[in-house]
S.K.: 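For reference, the structure I am asking about is given below.
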Amino acid sequence: MPPYDCMLLFKPHVKKEALIGLVARIGKHICRRNGVVTEVKSFGTIQLGYGVKKLDGRFFQGQLMQVSMMATPEINKELHYLNKEDKLLRWLLVKQRDTKFGLEFMGDEDRLEPSRFSQINKPDDDDEEDEDNEEYEVNEEENRVN
């Protein structure tokens with residue numbers, strides 16, 4: 001199951017209990033379809049770049065929430081009932097691409113091998129640094145003479 005993020009933009013006057021209720025309904029819907037809600041974030045009230053027009057007025061603020069989930073690809077079609085929610089200004093479902101979890105991340109081209117870290121931090125050749133310093137000292141002596 002691929003990971004998704006669902007961004008929910010609520011009207012600014014919606015109470016916290018109603019927000020939690022709608023997010024819980026979305027979570028139950030996902031679980032009934034063999035999905036898993038992995039994280040819920042609230043970004044609070046945000047200023048919008050332009051007014052969102054609805055039947056009950058134009059809104060320049062909104063309450064933003066993010067629901068992260070792992071669900072089947074049909075979840076996009078199944079969440080279209082959110083279009084009828086009067087508490088929502090907008091909603092957006094985004095599929096996360098190239099996300100690696102657990103052992104997939106750990107085994108990715110031996111990136112996290114401890115032996116590779118020691119090779120990265122070890123300088124290749126100390127002789128080059130000495131040569132650079134000698135040239136600099138010679139240039140300093142020439143500047144003093146002039």
Side-chain angles (χ1 to χ4, degrees), residues 1-137 139-140 143:
M1 282 189 280
Y4 291 93
D5 283 326
C6 184
M7 302 301 292
L8 304 166
L9 182 63
F10 292 94
K11 293 179 180 178
H13 62 274
V14 176
K15 294 182 181 176
K16 199 176 234 183
E17 293 82 20
L19 296 176
I20 295 170
L22 183 61
V23 171
R25 265 191 12 224
I26 293 170
K28 288 178 187 175
H29 182 84
I30 292 165
C31 290
R32 280 195 304 263
R33 304 290 191 266
N34 296 329
V36 177
V37 174
T38 56
E39 186 177 14
V40 176
K41 287 184 189 174
S42 176
F43 296 97
T45 302
I46 60 167
Q47 296 292 324
L48 302 177
Y50 58 91
V52 177
K53 187 176 180 183
K54 288 292 183 178
L55 293 175
D56 53 344
R58 187 175 292 272
F59 297 92
F60 291 91
Q61 290 183 337
Q63 297 181 50
L64 186 63
M65 292 193 77
Q66 175 184 355
V67 179
S68 299
M69 64 187 93
M70 296 184 83
T72 59
E74 292 82 26
I75 194 68
N76 188 23
K77 294 174 187 171
E78 294 172 1
L79 286 180
H80 277 282
Y81 73 89
L82 292 174
N83 291 336
K84 298 176 184 172
E85 281 293 328
D86 61 339
K87 300 172 197 148
L88 279 175
L89 293 174
R90 298 278 191 267
W91 68 277
L92 175 70
L93 186 70
V94 180
K95 182 178 180 182
Q96 298 175 6
R97 302 266 183 204
D98 299 326
T99 305
K100 296 185 180 183
F101 297 100
L103 296 176
E104 293 174 5
F105 178 74
M106 295 294 286
D108 187 27
E109 300 174 11
D110 298 326
R111 264 193 335 190
L112 301 176
E113 240 354 272
S115 61
R116 290 200 58 207
F117 288 125
S118 61
Q119 292 172 358
I120 292 170
N121 293 332
K122 188 171 36 172
D124 293 335
D125 211 1
D126 292 335
D127 296 335
E128 291 178 11
E129 288 182 18
D130 294 338
E131 291 173 6
D132 291 340
N133 289 339
E134 289 173 6
E135 289 177 15
Y136 183 69
E137 291 172 3
N139 290 337
E140 281 182 353
N143 289 336

S.K.: Hey, which of L9, V23, L22 is the one that makes side-chain contact (heavy atoms from CB on, under 4.5 Å) with M65?
M.R.: V23
S.K.: What salt bridge (Lys or Arg N to Asp or Glu O under 4.0 Å) pairs are there with at least one residue in residues 21-31, not counting sequence neighbours?
M.R.: R25-E85
S.K.: Please enumerate all residues that pass ring pair (Phe, Tyr, Trp, His ring centres under 6.0 Å) together with Y81, with sequence neighbours excluded.
M.R.: H29
S.K.: Quick one: side-chain hydrogen bond (donor to acceptor under 3.5 Å, both in side chains) partners of D5, sequence neighbours excluded?
M.R.: Q66, S68, Q96
S.K.: Apply side chain to side chain contact (heavy atoms under 4.5 Å, CB included) to E74 and list each qualifying residue two or more places apart in sequence or on a separate chain.
M.R.: T72, E78
S.K.: Once you round to the nearest 0.5 Å, how far does CD1 of I75 lie from NZ of K77?
M.R.: 12.0 Å
S.K.: Donor-acceptor pairs under 3.5 Å, side chain of residues 11-21 to any protein atom, not counting sequence neighbours: which ones?
M.R.:
residue, atom, partner, partner atom, Å
K11, NZ, D56, OD1, 3.0
K11, NZ, D56, OD2, 3.0
K11, NZ, D86, O, 2.9

S.K.: Check L89 against G62 and note the closest heavy-atom contact, atom names and distance.
M.R.: CD1-CA, 4.5 Å
S.K.: At what distance, to the nearest 0.5 angstrom, does CE of M7 lie from CG of L64?
M.R.: 4.0 Å
S.K.: Return the minimal non-hydrogen interatomic distance between W91 and C6, and the atom names on each side.
M.R.: CE3-SG, 4.3 Å
S.K.: Can you list every pair that meets salt bridge (Lys or Arg N to Asp or Glu O under 4.0 Å) and has a residue in residues 36-49, with sequence neighbours left out?
M.R.: none
S.K.: Step by step, work out the side chain to side chain contact (heavy atoms under 4.5 Å, CB included) result for L93 and M69.
M.R.: CA-CA 10 Å; L93 186 70; M69 64 187 93; 4.2 Å; yes
